[in-house]
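Just so you know, these numbers come straight off a predicted model, no measurement behind them. Chain naming here is simple, since letters A, B, ... match the order of the sequence lines and numbering starts at 1 in each.
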Protein chains: 2
Amino acid sequence: MYERYLHHFNEKVPLTQEEWELIQNYLTLKKLRKRQYLLQEGDVCKLVAFVEKGALRLYNVSENGTEHIVLFAVEGQFMTDLYSTFSGEPSIYNIDAIEDSELVLITRTASDELRKLSPKYQEFAFLETSEAYIQLAKRMTSVISLSLEQRYQELITNYPNIVQRVPQHMIASYMGLTPETLSRVRKRMSNTK
Amino acid sequence: MYERYLHHFNEKVPLTQEEWELIQNYLTLKKLRKRQYLLQEGDVCKLVAFVEKGALRLYNVSENGTEHIVLFAVEGQFMTDLYSTFSGEPSIYNIDAIEDSELVLITRTASDELRKLSPKYQEFAFLETSEAYIQLAKRMTSVISLSLEQRYQELITNYPNIVQRVPQHMIASYMGLTPETLSRVRKRMSNTK
DNA sequence: TAATACCGTTGACTTTGGTCAACGGTTTTC
DNA sequence: GAAAACCGTTGACCAAAGTCAACGGTATTA
């Protein structure tokens, strides 16, 4: 347990044994079965989750009932509704498990406390937030400037086996498309290459 | 000089006079005339800019020459190519001034140093990065789930006088649309309301 | 101040993506 | 193990956005 989290941490900010033991006190483990919720619309998000194993999605549901996936998180990535954790306002999103998953959780308040106690954790939190921003900015760039084919190609290189793991209609939702359109994009791509 | 930066800082993380003097040593001022570049494609981005006055844009140029605006920054907001500053790789973006602007600059290396020296600055950097992420996540949500009319409406509420300040074809670019389409969206909106 | 470049709008047409319905092939579930 | 739900694909049609060209108005600039 915590293997991946610790490994991930050490890669960015190397830790001594004592430092890790301090940090570990603030973490908890949680297993989530496929389709189980980590966060439901209307609740305040108080947690940040790290995916040890499995996959999560963050999505909202529009008036007509359509789901819009804003984010995926697979092994080694973090997931939270950052806005809700900061503001304390109810979330407009749902977070649930796409596969059976194992998560490392830390509450927002624990994280704040730990950031004050541990300079290494502080640095780690800063780096992770920066990286999340960078990833999102990259995606925004591709959304406004690339063709659907190029965007799908990029998705595959960013999440190499997402296609095997996640149903296609969820990928369509993540790209802001209907399932039919994504199906046709894929067909076009397999024909022309 | 630095008025808005200091004010912004104090709102998030209140500073003593001595703390501010330390931080100020790491900052520099820069004026940019309209159309002047802060960053050009191919150069490594080494700076983070805070907009005291004016407006900046970050954009890339696709093969056929079309500009795609990824971000605006107006008074009180930060602008940088975070990926390039972190990785040290050449930027794929340009940053230039939409209006005559006054900026507070800090280099990436100075910022790293200052984060180690000053817990308050460390905290400020963390909060600003988090806020930038939140803003981008919100925009991503609207891109994949709202109609053009709704997205334009949201843009106006987020940047209340952007329409007065920024040429319409740049707003179209920011939304990933052609100028003609944005013009028609605006017409539809003025007709129906 | 005249010439020029730029900007937003509009119209006609094309291309792209969405909608709706149907189908066969899986999984789930009871 | 049968029934039901789900999933990806396809076709026909429709709606939305892009393209191209033209225009008049406004800044820029010489």
Side-chain angles (χ1 to χ4, degrees), chain A residues 33-36 55 57 59 61-69 72 96-100 142-156 161-193, chain B residues 33-36 55 57 59 61-69 72 96-100 142-156 161-193:
Chain A
R33 302 287 299 277
K34 185 174 176 173
R35 301 230 143 227
Q36 257 192 301
R57 68 209 253 253
Y59 63 100
V61 182
S62 56
E63 298 167 17
N64 59 42
T66 323
E67 294 179 356
H68 302 279
I69 298 178
F72 291 120
D96 69 12
I98 300 176
E99 309 169 350
D100 293 353
S142 73
V143 166
I144 64 166
S145 59
L146 298 183
S147 69
L148 294 186
E149 276 86 347
Q150 289 170 314
R151 285 172 56 198
Y152 185 71
Q153 196 54 58
E154 199 171 272
L155 175 68
I156 291 174
N161 43 20
I162 194 90
V163 180
Q164 282 63 263
R165 295 173 65 177
V166 173
Q168 201 169 298
H169 70 270
M170 288 193 188
I171 294 176
S173 165
Y174 179 81
M175 293 179 70
L177 304 175
T178 60
E180 293 95 331
T181 297
L182 181 57
S183 172
R184 287 173 181 127
V185 167
R186 282 163 47 89
K187 192 178 183 188
R188 278 205 304 267
M189 289 173 72
S190 66
N191 287 343
T192 53
K193 75 144 200 258
Chain B
R33 303 286 301 276
K34 185 175 175 173
R35 303 227 142 232
Q36 258 191 299
R57 68 210 253 253
Y59 63 100
V61 182
S62 56
E63 297 167 16
N64 59 41
T66 323
E67 293 178 356
H68 302 280
I69 298 178
F72 291 120
D96 68 12
I98 300 175
E99 309 170 352
D100 293 354
S142 72
V143 165
I144 64 166
S145 59
L146 299 182
S147 69
L148 293 187
E149 277 85 349
Q150 290 170 312
R151 284 172 58 197
Y152 185 71
Q153 196 54 57
E154 200 171 272
L155 176 68
I156 290 173
N161 43 20
I162 194 89
V163 181
Q164 284 61 263
R165 295 173 64 178
V166 173
Q168 202 168 300
H169 69 271
M170 287 192 188
I171 294 176
S173 165
Y174 178 81
M175 294 179 70
L177 304 176
T178 61
E180 293 95 329
T181 297
L182 181 56
S183 171
R184 287 173 181 128
V185 168
R186 281 163 48 89
K187 193 178 182 188
R188 278 205 303 267
M189 289 173 73
S190 64
N191 287 344
T192 51
K193 77 147 198 263

Provide the closest heavy-atom pair for [X] versus [Y] in the form atom of the first, atom of the second, distance.
X      : Y      : value
A:I69  : A:Y59  : CA-CB, 3.7 Å
A:H68  : A:S173 : CA-OG, 3.5 Å
B:D100 : B:K34  : OD1-N, 2.8 Å
B:V166 : B:M170 : CG1-CB, 3.6 Å

How many whole angstroms separate atom [atom1] of [X] from atom [atom2] of [N]?
X      : N      : atom1 : atom2 : answer
A:M189 : D:dT9  : CE    : C1'   : 17 Å
B:H68  : D:dG18 : NE2   : C1'   : 13 Å
A:Y152 : D:dG8  : OH    : C1'   : 12 Å
B:I144 : C:dG17 : CD1   : P     : 17 Å
B:R188 : C:dT10 : CZ    : C1'   : 14 Å
A:L148 : C:dT15 : CG    : P     : 17 Å
B:Q150 : D:dA16 : CD    : C1'   : 15 Å
B:R186 : D:dA17 : CZ    : P     : 16 Å

Exercise for review: Give a yes/no on whether any side-chain N or O of B:K187 is located under 4.0 angstrom from OP1 or OP2 of C:dT10.
Suggested key: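 For C:dT10, OP1/OP2 do have a side-chain N/O of B:K187 under 4.0 Å.
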Q) Is the distance from OP1 or OP2 of C:dC6 to the nearest side-chain N or O of B:H169 less than 4.0 Å? A)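 Answer no for this pair, as no side-chain N or O of B:H169 is under 4.0 Å from OP1 or OP2.
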ask   = Using 4.0 Å as the upper bound for N to carboxylate O, is an ion pair formed by A:R35 and A:D96?
value =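 No, no charged N to carboxylate O under 4.0 Å.
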request  = Kindly determine whether B:L155 and B:Y174 satisfy side chain to side chain contact (heavy atoms under 4.5 Å, CB included), including the steps that lead there.
outcome  = CA-CA 10 Å; B:L155 176 68; B:Y174 178 81; 3.5 Å; yes
>> Under 4.0 Å, heavy atom to any atom of DNA chain D: which of residues 175-184 of chain B qualify?
In response: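 B:G176, B:L177, B:T178, B:E180, B:T181, B:R184 - these, ordered by number, are the residues of the stretch whose heavy atoms sit under 4.0 Å from the strand.
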Test side chain to side chain contact (heavy atoms under 4.5 Å, CB included) applied to A:V163 and A:R186, step by step: CA-CA 11 Å; A:V163 180; A:R186 282 163 47 89; 3.9 Å; yes
Whether each nucleotide of nucleotides 22-30 of chain D has a protein heavy atom under 4.0 Å at its base (B), only at its sugar-phosphate (S) or at neither (-) is summarised, 5' to 3', as ---------
Does the pair B:Y152 and B:L148 meet the rule for a side chain to side chain contact (heavy atoms under 4.5 Å, CB included), with working shown? CA-CA 6 Å; B:Y152 185 71; B:L148 293 187; over 6 Å; no
Which pairs would a plain distance check flag for residues 177-185 of chain B, meaning a side-chain donor or acceptor within less than 3.5 Å of a matching protein atom at least two apart in sequence or in another chain?
residue	atom	partner	partner atom	Å
B:T178	OG1	B:T181	N	3.3
B:T178	OG1	B:T181	OG1	3.0

I want to confirm an ordering. Mapping B:E149 and A:R35 to their closest nucleotides on DNA chain D, which one lands closer to the 5' end?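 By nearest-heavy-atom nucleotide position, the 5'-most residue is A:R35.
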